[in-house]
Amino acid sequence: QVQLVESGGGLVQPGGSLRLSCAASGRIFSPNTMGWYRQAPGKRRELVATMTNVGSTNYADSVKGRFTISRDNGKNTVYLQMNSVKPEDTAVYSCYYSYPYESWGQGTQVTVSS
């Protein structure tokens, strides 16, 4: 089973930037998809961005042009660069790993507020 540990969350002002990291450990299979989901207070969990091990990406429309997902396969790490953040981006961000068994990180809080 794969274990995921997120880091990089915190408080940021509107318009600012954050970079989230997720380090995977354990038995990694290929192909696989890693990425980020988020859940805001009172909202359902939603996809933010995903990326396969060969570089295919998928973004939520709400973050396109502002967030960028990347991977370092050698480090088994996925990143989420969050630019031009908005208060609506406030949520718990959770890392995801796909195959052969789904795995979720514990989540890291991102709060966008002045």
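Reckoned from all heavy atoms, side chains included, excluding hydrogens, waters and symmetry mates.
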Can I get a per-line list of side-chain donor-acceptor pairs under 3.5 Å for residues 3-17, giving both atom names and the distance, sequence neighbours left out?
from, atom 1, to, atom 2, distance (Å)
Gln3, NE2, Gln1, O, 3.1
Glu6, OE1, Gln106, N, 3.1
Glu6, OE1, Gln106, NE2, 3.2
Glu6, OE1, Gly107, N, 3.0
Glu6, OE2, Cys95, N, 2.8
Glu6, OE2, Gly107, N, 3.1
Ser17, OG, Asn83, OD1, 2.9

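- Listed by chain and residue number, Tyr96, Trp104 satisfy the ring pair (Phe, Tyr, Trp, His ring centres under 6.0 Å) test with Tyr37 (two or more places apart in sequence, or in another chain).
- The cluster map of Ile, Leu, Val, Met, Phe, Trp and Tyr, joined by side-chain heavy atoms under 4.5 Å apart, puts Met34 and Phe29 in the same cluster.
- With Ser98 contributing its side chain and Glu102 its backbone, the two residues share no donor-acceptor pair below 3.5 Å.
- Under a 3.5 Å cut-off, the side chain of Ser113 and the backbone N or O of Thr111 do not form any donor-acceptor pair.
- In this structure, Thr33 and Tyr99 have side chains that are not in contact, with every pair of non-hydrogen atoms separated by 4.5 Å or more.
- Across every non-hydrogen atom of Val2 and Arg27, the tightest pair is CG2-O, 3.2 Å.
- Applying the salt bridge (Lys or Arg N to Asp or Glu O under 4.0 Å) rule to Arg38 yields the partners Glu46, Asp89; only residues at least two apart in sequence or on another chain are considered.
- Between Leu47 and Asn58 the shortest side-chain heavy-atom distance falls below 4.5 Å.
- Between Phe67 and Val85, some side-chain heavy-atom pair lies under the 4.5 Å cut-off.
- Note that CE of Met51 and CZ of Arg71 are 7.5 Å apart. Values are rounded to the nearest 0.5 Å.
- The shortest side-chain heavy-atom distance between Leu18 and Val110 falls under the 4.5 Å cut-off.
- A donor-acceptor pair under 3.5 Å links the side-chain atoms of Asn73 to the main chain of Asn53, judged by distance alone.
- Using a 4.5 Å cut-off on side-chain heavy atoms (C-beta onward), Leu80 and Tyr93 make contact.
- Expressed to the nearest 0.5 Å, how far CD1 of Ile28 lies from OG of Ser103 amounts to 8.5 Å.
- Using a 4.5 Å heavy-atom cutoff, the side chains of Tyr79 and Leu20 are not in contact.
- Taken to the nearest 0.5 Å, the CG atom of Asp72 stands 6.5 Å off from the OG1 atom of Thr77.
- The shortest distance between side-chain heavy atoms of Lys86 and Ser62 does not fall below 4.5 Å.
- Within the model, atoms OH of Tyr59 and CD1 of Ile69 stand 6.5 Å from one another, a figure rounded to the nearest 0.5 Å.
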